[in-house]
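Reading through the structure tokens given below for one structure.
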Amino acid sequence: MSSPRRKRSRMEPMDAKKDSAETSQHVKVPVSKKPAKSKVKGPAARRKSSTKGSANEDDYEGAKKVEYSNWLMKSEPESRLENGVDMKFGIEDLKMQPKQTACWDGVRNYQARNFMRDMKVGQEAFFYHSNCKEPGIAGIIKIVKAAYVDHTQFDKKDSHYDPSSQEENPKWSMVDVQFVRMTKRFIPLAELKVYYQEHAATGGPLKNMALFTRSRLSVQPLIKEEFEFILSLEDKDS
DNA sequence: GCCAACGTTGGC
DNA sequence: GCCAACGTTGGC
């Protein structure tokens with residue numbers, strides 16, 4: 001996310017158009033995304049991008065469709081202006097929202113969007129602080145509303161406005177997330193990296209962790225082994 | 001502020 | 001469909 005970055009707080013009472021059911025308050029969270037100015041015209045899906053995966057719609061890796069049980073969502077806890085809008089939205093900002101719930105808008109990357117579309121209500125995710133003094137996992141959130149249209153793509157005043165997206169065929173989605181708890185301690189990126197490197201060399205639960213293998217993705221999938229291993233770190237001294 | 005990694009754009 | 005140029009992410 002933007003990772004995040006983003007934050008703008010707008011809370012428009014109304015809008016939300018039908019889509020947003022009751023949960024979100026639009027607060028914005030963004031996450032990493034970028035400013036959206038993309039264009040892309042026609043063909044819409046231009047698939048593939050680089051590396052691995054499928055950038056756009058499909059997300060099969062081969063044929064086996066890996067099931068992801070958990071997620072990691074990045075957001076920026078420190079102020080940073082993007083098109084004049086402050087992207088700050090740390091876990092403390094989420095806690096202050098009504099119902100401690102916010103919509104994760106502003107994601108403008110196909111892989112990240114597709115992962116959000118795969119999210120199921122009730123699944124838990126790590127809230128990751130990026131682009132800040134101390135990057136790392138700060139808390140746990142859960143998905144409380146499955147993917148629906150991200151209204152900010154149509155808002156010219158929004159920093160993630162996407163002029164290429166048509167209302168009849170929206171390009172971008174978002175989910176609603178709710179604060180669950182802080183992790184027992186902050187789990188720094190640097191610490192995770194040490195485990196990743198060790199596991200990559202000798203085998204271990206974090207050997208393929210997206211935070212390192214696809215570091216720029218603002219919404220990342222986690223398999224159960226990754227999620228549980230990281231949770232086990234809460235009780236270590238570090 | 002630097003810059004590596006990588007996604008996107010768009011000409012050809 | 002290739003690929004160079006360009007833009008973004010995000011750690012350091």
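Every chain is numbered from 1, with letters handed out A, B, ... down the list of sequences. Computed over heavy atoms, backbone and side chain alike; hydrogens, waters and symmetry mates excluded.
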request  = Determine the sole option in Met119(A), Glu124(A), Gln123(A) for which the side-chain contact (heavy atoms from CB on, under 4.5 Å) test with Asn70(A) is passed.
outcome  = Glu124(A)
task = Take atom CD of Gln111(A) and atom P of dA5(B), then tell me their distance rounded to the nearest Å.
result = 18 Å
message = Just the rounded figure in Å: distance from C1' of dC12(C) to CD of Glu134(A).
response = 13 Å
query = Are any of Lys193(A)'s side-chain N or O atoms less than 4.0 Å away from OP1 or OP2 of dC12(C)?
reply = yes
note = Quick note, side chain to side chain donor-acceptor pair (under 3.5 Å) partners involving residues 186-197 of chain A, not counting sequence neighbours, are Arg185(A)-Glu191(A)
Side-chain polar contacts of residues 222-233 of chain A - donor-acceptor pairs under 3.5 angstrom, sequence neighbours left out - could you list them?
| residue | atom | partner | partner atom | Å |
| --- | --- | --- | --- | --- |
| Glu226(A) | OE1 | Ile223(A) | N | 2.9 |
| Ser232(A) | OG | Phe229(A) | O | 2.5 |

task = Ignoring backbone atoms, test whether Lys74(A) places a side-chain nitrogen or oxygen under 4.0 Å from the OP1 or OP2 oxygen of dT9(C).
result = no
key: Atom-pair distance (CZ on Arg214(A); C1' on dT8(C)), nearest Å   = 18 Å
key: Atom-pair distance (CD on Glu82(A); C1' on dG7(C)), nearest Å   = 12 Å
message = Side chain of Arg216(A), heavy atoms from C-beta onward: which of dC12(C), dT8(B), dA5(B) has the nearest atom to it?
response = dA5(B)
task = Figure out the CG/P separation between Leu72(A) and dG10(C), and round it to whole Å.
result = 11 Å
ask   = Counting just side-chain N and O atoms, does Tyr110(A) come under 4.0 Å of either OP1 or OP2 of dC6(B)?
value = no
task = Report the distance from atom CZ of Phe212(A) to atom P of dG10(C), rounded to the nearest whole Å.
result = 13 Å
message = Distance check needed: dG10(C) P versus Met73(A) CE, whole Å only.
response = 13 Å
task = To the nearest Å, give me how far apart CG (Asn109(A)) and P (dG10(C)) are.
result = 9 Å
message = Looking only at the side chains, is there a donor atom on one of Arg113(A) and Ser173(A) sitting less than 3.5 Å from an acceptor on the other?
response = no
